[in-house]
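Read the structure below first, then the notes.
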Amino acid sequence: MKPRVRFAPSPTGYLHIGGARTALFNWLYARHTGGTFVLRIEDTDDARNSQEAVDVILNGLRWLGLDWDEGPLTGDATGPSKGDRGPYFQSQRKENYQRRVEALLSRGLAYEHEGAIKFKMTREPILIPDLVVGDVLRPLTDREEVDPDWVLVRSDGQPVFHFVNVVDDLEMGITHVIRGEDHLSNTAKHIALFKAFGVEPPKYAHIPLILNADGSKMSKRDKGASLTSYLDDGFLPEAVNNYLCLLGWSPKDNLEKMPLAEVVGRFDLPQILRHNAKFDYEKLTWLQGEYCRDLPGDRFYELGVHAFAKAGVDTNKFPIAYVKAALDTCKGKIKTFNELPAYASFYFRDEIAYDPEAARKSFVPESKPRLEKVRDAFGRLSTFDAASIEAALKATAAELGVKVGVLIHPTRLATTGHPHGPSLYHLLEVLGKEKVLRRIEKGLGSCW
RNA sequence: GACCCUAUGGUCUAGCGGUUAGGACAUCUCCCUUUCACGGAGAUAGCCCGGGUUCGAUUCCCGGUAGGGUCGCCA
């Protein structure tokens with residue numbers, strides 16, 4: 001039988017990075033085994049559920065490229081879905097829960113108590129066979145000893161998470177439950193319920209949690225806790241996916257950067273690590289830089305234009321070829337796209353502001369005659385391409401008896417406003433002779 | 001308070017009784033270079049502690065300690 005796994009998030013308005021990793025591991029296992037990846041929305045808490053909150057989840061998974069074989073197609077709980085085990089919103093499955101409660105009630109496995117319905121929990125320790133952690137024997141805690149039974153349905157008629165989760169897993173034919181380790185202890189309850197229903201529980205795989213860099217639990221407010229923040233910060237989904245794969249799982253052969261398709265082939269449950277991992281933003285950024293550098297030019301262009309637009313820099317006023325050429329000079333230089341506006345807006349602005357500290361260093365009196373020479377040399381060029389520019393600049397440096405760097409820094413500052421940036425020769429070519437001469441002129445005029 | 005899980009450099013990890021404890025990120029140095037980045041060479045840094053078992057423990061067992069999780073009419 002092919003595995004059926006599921007990701008069952010609660011629509012809270014954001015998708016936790018740990019949740020995204022759980023989804024990823026489920027997806028990887030399904031793809032590795034040729035099984036089915038089900039997406040189920042646990043929207044039992046009416047108060048905070050909304051279509052928008054569901055959309056955050058759907059969009060997050062889509063951004064990562066984690067397609068689901070069964071589940072909702074939109075954030076609308078009553079909307080279309082795919083798969084024949086639906087509905088895939090718990091809010092639409094109430095009859096199932098009702099039916100299951102009655103079955104337990106009628107067999108004396110549950111009882112009413114102060115308006116709620118409680119499950120008769122065994123007092124014996126429960127063995128949890130876990131594919132990651134191994135066999136775990138879970139006895140009752142001291143508090144549970146006092147009253148081992150637990151609520152299935154609240155007095156207001158709402159069934160609780162532990163109950164609906166099990167009922168849905170059962171009815172949706174889930175064979176492997178891959179979820180965060182925070183659910184390990186409660187799995188005893190789930191196993192007891194499955195047994196009460198007379199069915200074998202699914203196989204469990206509890207994966208370690210992702211912690212903050214300081215080892216604390218990553219909660220909503222923490223930097224990087226929301227998957228959306230990576231999209232907003234200009235990260236690539238392939239980088240995020242790759243990094244997430246490496247937290248709690250290892251290919252064992254020192255390979256780190258690898259496409260998801262490669263991971264699909266190698267991924268399996270037994271190799272999942274047992275200990276929590278701290279999130280290392282630096283390493284993610286490194287991977288991001290790797291992927292960003294290898295991006296095909298057209299995709300880099302698309303994402304770059306979007307990054308500029310987001311920062312209020314309108315690239316549409318410029319010819320596409322110009323924008324593309326400008327972005328080409330940035331590729332391999334930046335790591336995340338949100339660096340782009342600060343890095344290369346000079347291509348798209350009429351007025352550039354000079355970095356004050358760089359101006360103090362480069363716009364010194366002795367630079368002026370040198371910059372004039374550079375201007376004149378550039379002015380004589382008939383073809384204004386990188387090679388000619390480089391040759392002209394070097395010839396000028398030789399003529400003046402100075403190192404090229406002496407000319408380069410003031411030239412860069414005059415034309416871009418920054419001490420750092422893309423390759424100077426290439427950047428000047430893109431800017432074009434006219435604009436370059438104008439900016440050098442301006443630099444000469446305004447700084448001494 | 002009880003119960004469960006975990007423990008290799010700052011971080012992610014390889015290791016599954018005998019290794020000069022390997023790789024990656026980060027840090028530092030040098031090279032390359034017009035800046036930055038990339039690339040190349042190198043450096044610093046690690047088996048939580050204590051007992052066992054064993055000829056021999058990072059590796060197996062027990063106990064501490066530390067971190068994380070759970071014990072809700074939250075999910």
Side-chain angles (χ1 to χ4, degrees), chain A residues 8-12 42-45 47-48 90 113-118 125 128 130 132-134 136-148 150-162 164-165 180-189 206 208-209 211 213-217 243 246-257 273-287 289-290 292-293 330-335 339 343 358 362 389-390 393-394 397 403-409 411-413 416 418-428:
Chain A
S10 186
T12 58
E42 307 222 332
D43 58 340
T44 52
D45 185 351
R48 54 180 179 179
Q90 288 187 329
H113 177 74
E114 291 177 358
I117 296 169
K118 295 183 80 173
I128 305 168
D130 190 281
V132 172
V133 183
V136 175
L137 194 61
R138 164 68 221 267
L140 296 178
T141 66
D142 58 351
R143 289 185 224 276
E144 288 167 335
E145 288 281 0
V146 178
D147 178 15
W150 47 278
V151 171
L152 290 170
V153 181
R154 289 190 276 268
S155 50
D156 65 359
Q158 280 287 322
V160 306
F161 161 78
H162 296 300
V164 297
N165 192 265
E181 199 213 70
D182 49 339
H183 286 104
L184 180 58
S185 291
N186 281 326
T187 302
K189 289 180 180 174
H206 286 93
L209 304 179
L211 271 27
D214 66 0
S216 64
K217 186 182 180 178
Y243 180 67
L246 265 18
L247 287 185
W249 175 82
S250 161
K252 312 282 187 200
D253 63 358
N254 289 340
L255 192 61
E256 302 215 272
K257 188 194 170 201
L273 279 298
R274 277 138 297 199
H275 56 270
N276 297 341
K278 291 171 188 153
F279 197 92
D280 185 356
Y281 204 82
E282 299 285 344
K283 186 143 186 181
L284 198 216
T285 304
W286 167 73
L287 262 175
E290 296 287 303
C292 195
R293 180 160 48 95
C330 302
K331 200 156 163 269
K333 302 286 189 169
I334 57 156
K335 285 184 174 169
E339 296 169 40
Y343 192 76
S362 290
I389 294 166
E390 179 171 359
L393 202 76
K394 285 184 171 165
K403 295 208 293 190
V404 264
V406 171
L407 301 182
I408 277 170
H409 295 292
T411 305
R412 172 185 292 284
L413 186 62
T416 72
H418 297 286
H420 310 305
S423 159
L424 181 69
Y425 310 129
H426 295 88
L427 141 201
L428 294 178

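Here is the naming used below: chain letters follow the sequence lines, and residue numbers restart at 1 for every chain.
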- prompt: Where the side chain of A/R143 is concerned, which of B/C5, B/C73, B/C71 is the nearest nucleotide?
  reply: B/C71
field: C1' gap between B/G9 and B/A14, integer Å
entry: 14 Å
task: Answer with yes or no whether A/H420 presents, from its side chain, a donor or acceptor under 3.5 Å of a partner atom in the base of B/A37.
output: no
- line: Applying side-chain hydrogen bond (donor to acceptor under 3.5 Å, both in side chains) to A/D142 and not counting sequence neighbours gives none
- prompt: Do the side chains of A/L246 and A/L287 get nearer than 4.5 Å, heavy atoms only?
  reply: yes
query: Rounded to the Å, how far apart are A/E290 CD and B/C38 P?
result: 8 Å
- request: May I ask you to verify if any side-chain N or O of A/H275 is less than 4.0 angstrom from the OP1 or OP2 atom of B/U13?
  value: yes
task: Report which part of the nucleic acid A/Y243 touches: base, sugar-phosphate, or nothing (heavy-atom distance under 4.0 Å, all strands).
output: nothing
message: Counting only side-chain nitrogens and oxygens, does A/N186 get under 4.0 Å of the OP1 or OP2 atom of B/C71?
response: yes
- prompt: If you look at every strand shown and take non-hydrogen atoms under 4.0 Å, does A/L424 touch a base, only sugar-phosphate, or nothing?
  reply: base
Pairing partner of B/C48 (Watson-Crick or G-U wobble, both distances under 3.5 Å): B/G64
Residues that A/H418 engages under ring pair (Phe, Tyr, Trp, His ring centres under 6.0 Å), provided they are two or more places apart: none
Heavy-atom side-chain contact between A/E42 and A/P9 under 4.5 Å: no
query: Of the nucleotides B/C36, B/C3, B/A75, which one has an atom closest to the side chain of A/E42?
result: B/A75
- prompt: Hey, does A/A277 reach any base, or is it just sugar-phosphate, or nothing, if we go heavy atoms under 4.0 Å?
  reply: sugar-phosphate
field: Side chain of A/H409 (C-beta onward), nearest among B/C5, B/A75, B/U35
entry: B/U35
query: With A/D280, which residues qualify under side-chain contact (heavy atoms from CB on, under 4.5 Å), at least two apart?
result: A/Y243, A/E282, A/K283
Could I get a table of every N or O pair under 3.5 Å where one atom is in the protein and the other is in nucleotides 24-27 of chain B?
from, atom 1, to, atom 2, distance (Å)
B/A24, O4', A/E256, OE1, 2.9
B/A24, O2', A/E256, OE1, 2.5
B/A24, O2', A/K283, NZ, 3.3
B/A24, N3, A/K283, NZ, 3.0
B/C25, O2', A/K283, N, 3.4

message: Check this for me, if you would: do A/K118 and A/D147 make a salt bridge, where the nitrogen-to-carboxylate-oxygen distance has to be below 4.0 angstrom?
response: yes
statement: Regarding the side chain of A/S423, the nearest nucleotide among B/C74, B/U34, B/A2 is B/U34
query: Hey, does the side chain of A/T141 come within less than 4.0 Å of B/U70's phosphate (OP1/OP2), counting only N and O?
result: no
- request: Report the residues that fulfil ring pair (Phe, Tyr, Trp, His ring centres under 6.0 Å) with A/Y425, sequence neighbours left out, ordered by chain and then residue number.
  value: none
message: Could you check whether A/E339 pairs with A/K335 (Lys NZ or Arg NE/NH1/NH2 to Asp/Glu carboxylate O, under 4.0 Å)?
response: no
query: Nearest to the side chain of A/V404 - B/C5, B/A75, B/U34?
result: B/U34
From B/U34, B/G39, B/C71, nucleotide with atom closest to A/R412 side chain: B/U34
message: Parallel, tilted or perpendicular: which one describes the rings of A/W150 and A/H162, with boundaries at 30° and 60°?
response: perpendicular
field: Side-chain touch A/F161/A/H183, heavy atoms, less than 4.5 angstrom
entry: yes
- request: Sticking with atom P, work out how far B/C73 lies from B/G64, rounded to a whole angstrom.
  value: 31 Å
query: Roughly how many Å is it from NE2 in A/H162 to P in B/U70, rounded to a whole number?
result: 10 Å
Side-chain donor/acceptor of A/K189 to base of B/U70, under 3.5 Å: no
Check the interface with nucleotides 58-69 of chain B: list each N/O to N/O pair with the protein under 3.5 Å, or write none.
from, atom 1, to, atom 2, distance (Å)
B/G68, O2', A/N276, ND2, 2.9
B/G69, O2', A/D182, O, 3.4
B/G69, N2, A/S185, OG, 3.3

